[in-house]
Every structure is written in structure tokens, then in C-alpha cells.
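The chain is numbered in sequence order, starting from 1. Values in this document were obtained by computation on a predicted structure and should not be read as measured data.
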Amino acid sequence: MPQPKQIWGKLLTRLRESGEAALFVSCGEIADVAVEDGTLVARTDKEYISDLISTNENILTIKRALRFLGFNLDFKVVKTVSKDADETSDINFLKDKFDNLVVE
């Protein structure tokens with residue numbers, strides 16, 4: 001079986017060629033993909049991307065495209081925590097603890 005990024009690239013090409021422009025653009029925003037237990041897993045920290053791709057219709061479209069390409073894989077999108085979320089949380093914590101200190 002090809003590497004997950006190769007499968008993802010072929011999937012993106014198939015979506016573009018089959019006229020699924022919105023889904024193609026949305027999936028094109030995702031770079032973190034893996035195959036886990038027969039499932040192609042796409043991870044994103046962008047909620048709007050996750051929500052858009054995760055609709056039943058779009059999941060079905062992606063599964064069909066994978067089958068067309070010869071990959072018998074299930075598909076799911078996983079919403080991850082933003083890398084910036086930890087920094088923002090830390091900054092807010094410090095501001096609360098040191099509210100008399102001016103931080104620029």
C-alpha cells in the first residue's frame with residue numbers, strides 16, 4: 001500500500017478531476033494524514049475545515065473516490081488542538097496571576 005500522503009495526493013487529484021471543487025480546496029488545507037486500522041485519518045486544527053469535510057455527503061464522496069482509486073479504506077476527520085491554543089492559554093494564565101505587571 002502506498003504511503004498515506006501518496007493516497008491523499010491521489011484523492012485530491014480525483015476530487016479535482018471529478019468536479020468536487022469545494023471539497024478539493026477544503027481537503028487541500030490538510031497535510032496531516034495517516035492510515036490507521038484500515039481508515040484514512042485526516043487531522044486538522046481548523047474547525048471550519050473539519051466541519052465542512054465531516055458532513056455525511058462529503059465523507060461518502062471521499063469514500064467513493066478512494067474506492068475508485070482502488071483503496072479499500074474508511075475515512076474520518078479528526079479535529080486536533082491548535083498549536084497556538086497552548087500559548088494563548090499560558091499567556092492568559094500569566095496575565096491572571098500577574099495582573100499588576102505590565103506585559104507587552
Less than 4.5 Å apart, any side-chain heavy atom of [X] and any of [Y]?
X     : Y     : value
Glu29 : Thr44 : no
Arg43 : Ile30 : no
Leu66 : Ile7  : yes
Cys27 : Ile62 : yes

For a quick test of reading the model, state the closest non-hydrogen atom pair linking [X] to [Y] and the distance between them.
X     : Y     : result
Pro4  : Ala34 : CB-CA, 3.8 Å
Asn58 : Ile53 : CB-O, 3.4 Å
Arg14 : Ala65 : CG-CB, 3.8 Å
Val33 : Trp8  : CG1-CD2, 3.5 Å
Phe75 : Lys63 : N-CE, 4.1 Å

First locate atom [atom1] of [X], then atom [atom2] of [Y], and finally report the distance between them rounded to the nearest 0.5 Å.
X     : Y     : atom1 : atom2 : result
Leu73 : Thr39 : CG    : OG1   : 7.5 Å
Leu11 : Leu15 : CG    : CG    : 4.5 Å
Tyr48 : Ser26 : OH    : OG    : 8.0 Å
Leu23 : Leu52 : CG    : CG    : 7.0 Å

Give the cluster check for Phe24 versus Phe68: same hydrophobic cluster or not, with ILVMFWY residues linked at side-chain heavy-atom distances below 4.5 Å.
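Yes.
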Is the CD atom of Glu47 crowded by more than 12 outside heavy atoms at less than 6.0 Å?
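Atom CD in Glu47 is not packed in, count stays at 12 or less.
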Is there a donor-acceptor contact under 3.5 Å from the side chain of Lys76 to the main chain of Ser54?
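Such a contact is absent between Lys76 side chain and Ser54 backbone.
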